[in-house]
Amino acid sequence: MTDVKPVEALSQAEARQELDRLARQIAAANRAYHTEDAPEITDADYDALRRRNAAIEARFPDLKRADSPTGQVGAPLAEGFAKVQHDVRMLSLENAFELTDVAEFDDRVRKYLGLGPESPLLYTAEPKIDGLSLSLRYEGGLLVRAATRGDGETGENVTENARTIADIPKVLSGAPDLLPDLLEVRGEVYMAHADFAALNARQAAAGDKSFANPRNAAAGSLRQLDPAITAARPLRFFAYAWGALSEPLADTQSGAIARLASLGFPTNPLTQTCDGPDALLDQYRRIEAQRATLGYDIDGVVYKVDDLALQRRLGFRSSTPRWAIAHKFPAELAWTRTEAIDIQVGRTGALSPVARLTPVTVGGVVVANATLHNEDYIAGRDSRGDPIRGGRDIRVGDWVQVFRAGDVIPKIADVDLSRRPQDASPYAFPETCPRCGSDAIREAGDSVRRCTGGLICPAQAVERLKHFVSRAAFDIEGLGAKQVEAFYEDGWVRTPADIFTLRDRFGSGPQQLRNRDGWGEKSAENLFAAIDDRRRIPLNRLIFALGMRHVGEVSASLLASHYHSWTAFEAAMTAARVGEGPDWAELTAIDGVGDVLATSVVMTFQQERERQAIDALVAHLQVLDVVPRAPVDSAVAGKTVVFTGTLERMTRAEAKARAEALGAKVAGSVSAKTDYLVAGPGAGSKAAKAADLGVTVIGEDAWLALIGTA
Ligand code: IVH
């Protein structure tokens, strides 16, 4: 955010270029936030991008792009849920950041309505909940549909998931004859701080990825294809708006909220009517003062014109109402000193730098560490070598500005060069592993430096053991990250094979597990039994458990289904050489196995130490073959199918799952190997390519006839 040219100083050409860049950056940020539930930039940076975009467009209206981010709400839809067309669009809110923006909002509203400064004008002020919006449709008092916002026009149908949220009434309260025939209630799904912390602890204990903040946890939990998962996640809901209605709820915003409460919806207790900008700001300050103790994330205060007749007159701009504004809280920032830079070593040897800070309170939370990502980041460069923070590097002794967005790991926003100690020298990123002394090397194109010590590195060894026992791997009950660390520390378990000799070594005799702190006769016996249970292990789990770089759960399964047995897999990997020969060709011909993954696996089997560890482990196991599924008897078994365009009778995800269940292979792009292109309305380049290649193109109905479900 530093060293940017003022908008007034931009030439036409620079403005065009910047609008182009901003459109791409904002689209990428939207995707990360909405579709992947994994934001890459802070809300404050995101808002700054949008403001800059709007400012440039205001100065150069002719340069406004057709795909300008200004009129857009949200992001494209994720695949997997059926689509829901909103009867009334789900809109976004204009943001205010400064106190003066609030007075200007009031001025604009009055001007639009032709009200003088003395005319009374009421507003409501209420917290802006940091979650995700949801539209709930009730017909005859019954919940019939729940949909996410999506792009504002079309959302995802998450009805079954919404039904699992206790805060959301399945049936409206009140006398049946007084209930509206149709009511669409809108509000925010969120997760409370305590529930978020407990969820992340459960995720970590199970070896699953933890969520960056409560909002992502809420979004990730609501948008689960399996409602049972949503049900297990502690989601909550506040109602604050509505969409389609069969009859008005009230004459005022505050009255409508009260009506929603009487119908059984949770509404926010900090909602207040205010008689003008001063009262709004008072309420803003009151809410801000309570922010840290509310127990859930809010990111500002929303002001709305109270009179619904006036709201109707004010109406909407392209994507925001004229009658409301979101007054955002400033980013949570604080200055503190960097006391040290430590390096943590991960499972694959990645060296991750962490700044140890003089503890400082940021938004009510004490922060003592901040991630520094990698050596380029410390040096003030991004992965392409372009300057970040205006090229200012970070040194031990520096005063740095830290920020938190939601509950994300704190990051460093800036460095104050004027307070840099004279003797501070640029941070020399280690070229050897701080834990084992092996060379730490950085491969071309990788921003991360890695320890080459493999299993001789204690840090890697412990992280690999934690991975080995994690849920998708060996999943040994009673043996989690904590136990593995303690056993490693004491030399009881150094490699996965050692787990399987624990009973022999510590089941009886002078040193016994049952006598260790935190263990007893029963828990020790349970652990030995749980370990024995896992001596029989499916091939895909074993491959995943080995923790080879680039081999995740999915690729482990691909390898297992291709080679079927450990004997075949092991023989092929032993024989394979990177980049040459029939074994390499076979490995890289597996759909979904690229050169990078293949190299990682082949190299692992060639490294003597790794190989010894694997052989020692497998000696204790009975590896269960992954049996190829019996060929399915269907007209499309063995055929390669590509779907394109809009499917009208099922979602893309459903179509794919059905096809695969019938033995077809579903590909993403058309090639000479494609047997059928199933093209719905709006099919574009794929249909053209199929025609060129002579691939059979059929419509959705013909496809359904082919698979026998027309
Ligand atoms: S009113 C037509 N009230 O903020 C406007 N929105 O940035 C309807 N949000 O999409 C929205 N708390 O997801 C409103 N008290 C509140 C809110 C709120 C959170 C969210 C909502 C909206 C987004 C806009």
Side-chain angles (χ1 to χ4, degrees), residues 26 29-30 33-34 37 39 43-44 46-47 50-51 69-75 86-97 105 123-136 146-153 155-156 158 167 184-191 214-216 218-219 222-223 235-245 249 253-254 256-257 260-261 265-274 280 283-284 287 291 294 296-306 308 310-312 314-329 406:
I26 293 171
N30 277 339
Y33 180 115
H34 292 280
D37 295 328
D43 291 358
Y46 177 77
D47 290 337
R50 288 193 74 118
R51 262 179 291 162
T70 309
Q72 295 171 5
V73 184
H86 297 298
D87 284 349
V88 176
R89 272 217 298 158
M90 288 185 80
L91 295 173
S92 177
L93 292 169
E94 188 192 344
N95 288 328
F97 295 91
F105 167 63
Y123 293 96
T124 58
E126 67 198 77
K128 183 169 190 297
I129 316 297
D130 199 5
L132 71 154
S133 44
L134 186 67
S135 186
L136 301 168
T148 62
R149 178 168 68 171
D151 63 3
E153 306 265 359
E156 295 158 338
V158 291
D167 275 354
E184 269 181 17
V185 174
R186 289 174 177 178
E188 204 84 351
V189 173
Y190 67 98
M191 196 178 280
R215 182 187 56 211
N216 295 129
L222 183 67
R223 293 158 77 231
L235 293 175
R236 302 186 185 211
F237 183 76
F238 276 127
Y240 51 65
W242 53 90
L245 295 174
L249 288 169
Q253 177 76 32
S254 46
I257 297 300
L260 291 179
F265 294 95
T267 56
N268 195 287
L270 295 172
T271 309
Q272 173 89 52
T273 40
C274 300
L280 289 174
Q283 181 64 1
Y284 174 86
I287 293 176
R291 183 178 185 190
L294 281 180
Y296 51 87
D297 279 348
I298 61 173
D299 58 349
V301 178
V302 183
Y303 309 138
K304 299 173 185 168
V305 170
D306 193 40
L308 296 184
L310 297 182
Q311 281 194 9
R312 271 190 295 279
L314 284 156
F316 303 91
R317 303 179 204 89
S318 61
S319 66
T320 55
R322 286 195 192 83
W323 43 264
I325 197 160
H327 188 178
K328 302 284 279 272
F329 294 131

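Each ligand, and each atom within it, is numbered from 1 in the order the structure gives. Keep in mind that this is a model prediction, so the values were computed, not measured.
Here S133 pairs with nothing under the side-chain hydrogen bond (donor to acceptor under 3.5 Å, both in side chains) rule; sequence neighbours left out. By the side-chain hydrogen bond (donor to acceptor under 3.5 Å, both in side chains) test, N95 pairs with no residue at all, sequence neighbours left out. The ring-ring contact (aromatic ring centres under 6.0 Å, His included) check on Y123 picks up F105, with sequence neighbours excluded.
Both the sub-6.0 Å distance and the 45° axial angle are not jointly satisfied by R89 relative to the ring of F316.
Near ligand 1, residues L91, L93, E126, P127, K128, I129, S133, R149, E188, Y240, V302, K304, P321 come within 4.0 angstrom through at least one heavy atom.
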For R291 and F329: C-alpha separation, side-chain torsions, deciding distance, then whether side chain to side chain contact (heavy atoms under 4.5 Å, CB included) applies.
CA-CA 10 Å; R291 183 178 185 190; F329 294 131; 3.4 Å; yes

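Taking 4.5 Å as the limit, every side-chain heavy atom of Y240 sits out of range of all side-chain heavy atoms of V302.
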